[in-house]
Every structure is written in structure tokens, then in C-alpha cells.
Amino acid sequence: MKLLIASDVHGSAKYCRLLLDALNREGADKLVLLGDILYHGPRNDLPEQYAPKEVIAMLSEVSDKIICVRGNCEADIDLEVLPFGISDNSLLFIDGLNIHLAHGHKCEPVLNKGDVYITGHTHVPLKEEKEYYHLNPGSVSIPKEDSAHSYILYENRKFVYKNLDGEEYDSLQISGAKVTPSSAVVRRNPVLHRKVVRRYR
């Protein structure tokens, strides 16, 4: 199973289009969306080509591939117009891994040693190991703290961080080894490996 994991589209037709281009290029089986699909939110500027209706139309074409969790910017009306189901959180069991999905603006679920917890919300990529792994793909449309417009590609217990051009900039292979970030990623994203401060953005 190959997953493309992304978050925080925030109604940008431009970056939704680039995300779907990446989905086709990568040949992913499923598109995992970690919330904040249509609305840009009161703390963000309008993203490029802000057009929620266009985003709805584009996502409708791949609705059978989408797994989605609800973000803090999703209103009840968004749940009515989006052409796929949305849950507050989700749990996948793939390749012997428990992969918990949430937007990240609420308390984290009960996690066991070796679990993978993937969130969005902060708009900043994260790769952190505690008793469990905490990952964040950053934002598709409004990246923050000098991070890239990015996503995570998952296959065979490996999580690969890529920008929307498909260029890899970090990865994590789960096989019992410690998480070791590349030095370039730490320089570009100083919040990697820190405890995430839950910022409501």
C-alpha cells in the first residue's frame, strides 16, 4: 500500500492541483488528507488561487482514494459539500504499523510504543521519536518557518518527505533504528525533533 499524506490545502486551487499531480506521479493508492481542506482560517493570509469550489471539484475526481480527518478550520457545511467522508481521527494498520491520523489541534490519542502518529496543523514538517513516532508533512499551500510546500510518501514502512516537485528532502525507515534527521533538514527546519507546541493556526 502506497500512501500520499498531505495537510492544510486551505482552499488553494493551485496547490491542490499540484498535489493531485504528485498523486498521479507517485502512483499512490490512497491520498491521506490531514484536515483544513477548504477554508484558509482566520490566522492565515489567503493562499494563492484561493478557490474552494475548484478544490471541491478536483477532489471529487479522486474521492474514492481519499482518507480524510477533520481540521480546526472545517465547518459543518464543509462536511456537507466535500465528496468523501471525514472523521475526527483515523487509525490504519499497514505493514505491521499502527498509523494514527489526526489534524493535531486536539489532545493526542493513546499511543503505544512503536506507533506512528501523523498530524498537520502547524504547517511545519516534523519527524520526532519518543516512545512512538510523530510525523508531520507540513502544509501543501501555506508552509511556515521556511519549510517547503510538501507531503509525505509512505510505502513498505518508509516515510519519505518530498516537496511538491517530488524532490526528497528527508526520510524515515521504521525498522527499530533511531530517527536520525539529515543535517540539511535540521538547518532548514529548526523545529524538527522538538516537542510540538500546539499552535492554533
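What you are looking at is a predicted structure, and each value in this text was computed from that prediction instead of being measured. In this chain, residues are counted from 1 in sequence order.
A side-chain donor-acceptor contact under 3.5 Å links Ser147 to the backbone of Lys144.
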Donor-acceptor list for residues 15-33 side chains, cut-off 3.5 Å, not counting sequence neighbours:
residue	atom	partner	partner atom	Å
Tyr15	OH	Glu48	OE2	3.0
Tyr15	OH	His149	NE2	3.4
Arg17	NH1	Gln49	OE1	3.4
Asn24	ND2	Leu20	O	3.4
Arg25	NH2	Tyr151	OH	3.3
Arg25	NH2	Leu164	O	3.3
Glu26	OE1	Lys162	NZ	3.3
Glu26	OE2	Tyr151	OH	2.6
Glu26	OE2	Lys162	NZ	2.9
Asp29	OD2	Lys2	N	2.8
Lys30	NZ	Asp64	O	3.3

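Ser7 and Asp36 are not linked by any side-chain donor-acceptor pair at a separation below 3.5 angstrom, with hydrogens and angles left out of the test. Side-chain N/O atoms of His103 and Thr119 include no donor and acceptor closer than 3.5 Å. One side chain, Glu108 or Tyr132, offers a donor N or O that lies under 3.5 Å from an acceptor on the other.
Connectivity analysis of hydrophobic side chains (ILVMFWY, heavy atoms under 4.5 Å, direct or indirect) links Tyr39 to Leu46, Tyr50. Alongside Ile142, the hydrophobic cluster contains no other residue (criterion: ILVMFWY side chains under 4.5 Å).
Legend: residues meeting side chain to side chain donor-acceptor pair (under 3.5 Å) with Asp95, ordered by chain and number and at least two apart, are Tyr154. Taking Asp45 as the reference, nothing meets the salt bridge (Lys or Arg N to Asp or Glu O under 4.0 Å) condition, with sequence neighbours excluded.
The ring pair (Phe, Tyr, Trp, His ring centres under 6.0 Å) analysis of residues 54-100, with sequence neighbours excluded, yields no pairs.
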Inset, instruction - Check step by step if ring-ring contact (aromatic ring centres under 6.0 Å, His included) holds for His40 and His10. - result: CA-CA 4 Å; His40 69 288; His10 285 292; 7.9 Å; no
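Between Arg70 and Asp76 a salt bridge is recorded (basic side-chain N to carboxylate O distance below 4.0 Å).
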